[in-house]
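Worth knowing before you read on, the calculation uses all heavy atoms, side chains too, and leaves out hydrogens, waters and symmetry mates.
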Amino acid sequence: MPERLRIVLAEDNYLVREGTRRLLEDSGEVEVLAAVGDAAELRDAVRRLRPDAVLTDIRMPPGHHMEGIEAAHAIQTEHPGVGVAVLSQHTDESYAFALLRNGTAGLAYLLKDRLGDLEDLIRALRAVARGDSVIDPQVVEALVARRTRTVTSPLTTLTPRELDVLREMAQGKTNAGIERSLHLSASTLEKHVNSIFGKLGLAEEPVHRRVAAVLTFLREHRE
């Protein structure tokens with residue numbers, strides 16, 4: 001991946017669009033190749049410019065429904081190497097489900113509050129550009145809280161520390177990043193991670209287990 005991340009930005013609100021563009025470009029880490037106002041323009045820009053990643057609003061003209069998610073699916077079909085991060089104001093897991101229904105690689109579901117944390121936003125964009133997945137920690141927090149109140153949930157078998165580790169995973173952090181955040185040694189973290197996978201019954205294949213661990217919350221809640 002090049003040092004300077006090349007992205008296309010899609011947001012129908014002019015002030016938010018231009019503010020986000022300035023924010024990203026001023027970081028020195030991101031080059032905004034195009035900033036567009038609707039899903040059709042987004043797909044056209046991706047086709048012409050082949051960015052590393054896309055940052056798109058979930059709602060855009062003409063319907064202001066889930067055009068960003070529909071565009072993400074189309075982009076992944078037409079350009080599998082382009083990562084897509086969708087910005088949403090919804091913590092409702094059904095929107096995250098809609099985005100991840102066909103797979104998780106190269107996709108991120110982020111809350112718009114993330115615009116206020118530039119470091120996290122750029123980290124998520126880099127993650128999707130290299131094919132990883134990110135689910136906003138606030139969405140995960142809500143799901144964890146809800147599921148841990150359900151007696152039948154496998155999440156009730158996780159210790160509080162294991163839940164902490166799972167939240168960090170959902171932010172796309174590496175093991176080294178989690179060790180720093182939670183002040184854990186490498187061997188202790190490895191034990192927690194293996195315990196989480198074991199308790200959630202996650203197999204090695206075909207989905208990356210770190211992402212599958214987070215998706216367990218989503219799937220169980222839907223059922």
Any ion pair linking E11 and K112 (charged N to carboxylate O, less than 4.0 Å)? yes
Can you tell me if R22 has over 12 outside heavy atoms packed within less than 6.0 Å of its CZ? no
Side-chain (R48) to main-chain (R43) donor-acceptor, under 3.5 angstrom: no
Nearest 0.5 Å, please: how far is CG in L100 from NE2 in H73? 7.5 Å
Short question: side chain of H192, backbone of V165 - any donor-acceptor pair under 3.5 Å? no
Ion pair present between R59 and D57, side-chain N to carboxylate O less than 4.0 angstrom? no
Please tabulate, for the side chains in residues 30-37, all donor-acceptor contacts under 3.5 angstrom to protein atoms that are two or more places apart in sequence or on a different chain.
none

Report the distance from atom CD1 of I69 to atom CD1 of I58, rounding to the nearest 0.5 Å. 3.5 Å
With distance as the sole test, does E67 use its side chain to make a donor-acceptor pair with the main-chain N or O of H65 at under 3.5 Å? yes
To the nearest 0.5 Å, what is the distance between CG on L163 and CG on L158? 5.0 Å
Under the side-chain contact (heavy atoms from CB on, under 4.5 Å) test against P51, which residue among L125, V82, V84 passes? V82
Answer yes or no: is there a side-chain heavy-atom contact under 4.5 Å between L184 and R161? yes
Looking only at non-hydrogen atoms, find the nearest pair between L99 and A108 and report the distance. CD2-O, 3.4 Å
How about N13 and E18: do any of their side-chain heavy atoms sit closer than 4.5 Å? no
Of all heavy-atom pairs between P61 and D38, which one has the smallest distance, and what is that distance? O-CB, 3.7 Å
Is there a side chain to side chain contact (heavy atoms under 4.5 Å, CB included) between R123 and D117? Walk through the geometry before answering. CA-CA 10 Å; R123 183 166 56 200; D117 191 329; over 6 Å; no
Out of curiosity, does V128 fall in the hydrophobic cluster containing L9 (side-chain heavy atoms, cut-off under 4.5 Å, transitive links)? no
CG of L118 to CG of L24, rounded to nearest 0.5 Å, is 6.0 Å
Has R6 got a side-chain atom pairing as donor or acceptor with R50's backbone, closer than 3.5 angstrom? yes
Taking all heavy atoms of V86 and all of G68, pick out the closest pair and write down the distance. CG2-O, 4.2 Å
Just wondering, do L42 and T56 contact through their side chains at under 4.5 Å, heavy atoms? yes
Give, for atom CD of E41 and atom CE of M60, the distance between the pair rounded to the nearest 0.5 Å. 9.5 Å
If you group Ile, Leu, Val, Met, Phe, Trp and Tyr by side-chain heavy-atom gaps below 4.5 Å, do L111 and V54 land in one group? yes
Would you say S181's side chain and G177's backbone share a donor-acceptor pair under 3.5 angstrom? yes
Between the side chain of Q76 and the main-chain N/O of A105, is any donor-acceptor distance below 3.5 Å? yes
Pairwise distance CD1(I7) to CZ(R21) - rounded to 0.5 angstrom: 9.5 Å
Mind checking salt bridge (Lys or Arg N to Asp or Glu O under 4.0 Å) for E29 and listing every partner two or more places apart, or none if nothing turns up? R126
Ignoring hydrogens and angles, tell me if any N or O in the side chain of E190 forms a donor-acceptor pair with the backbone of S187 under 3.5 Å. no
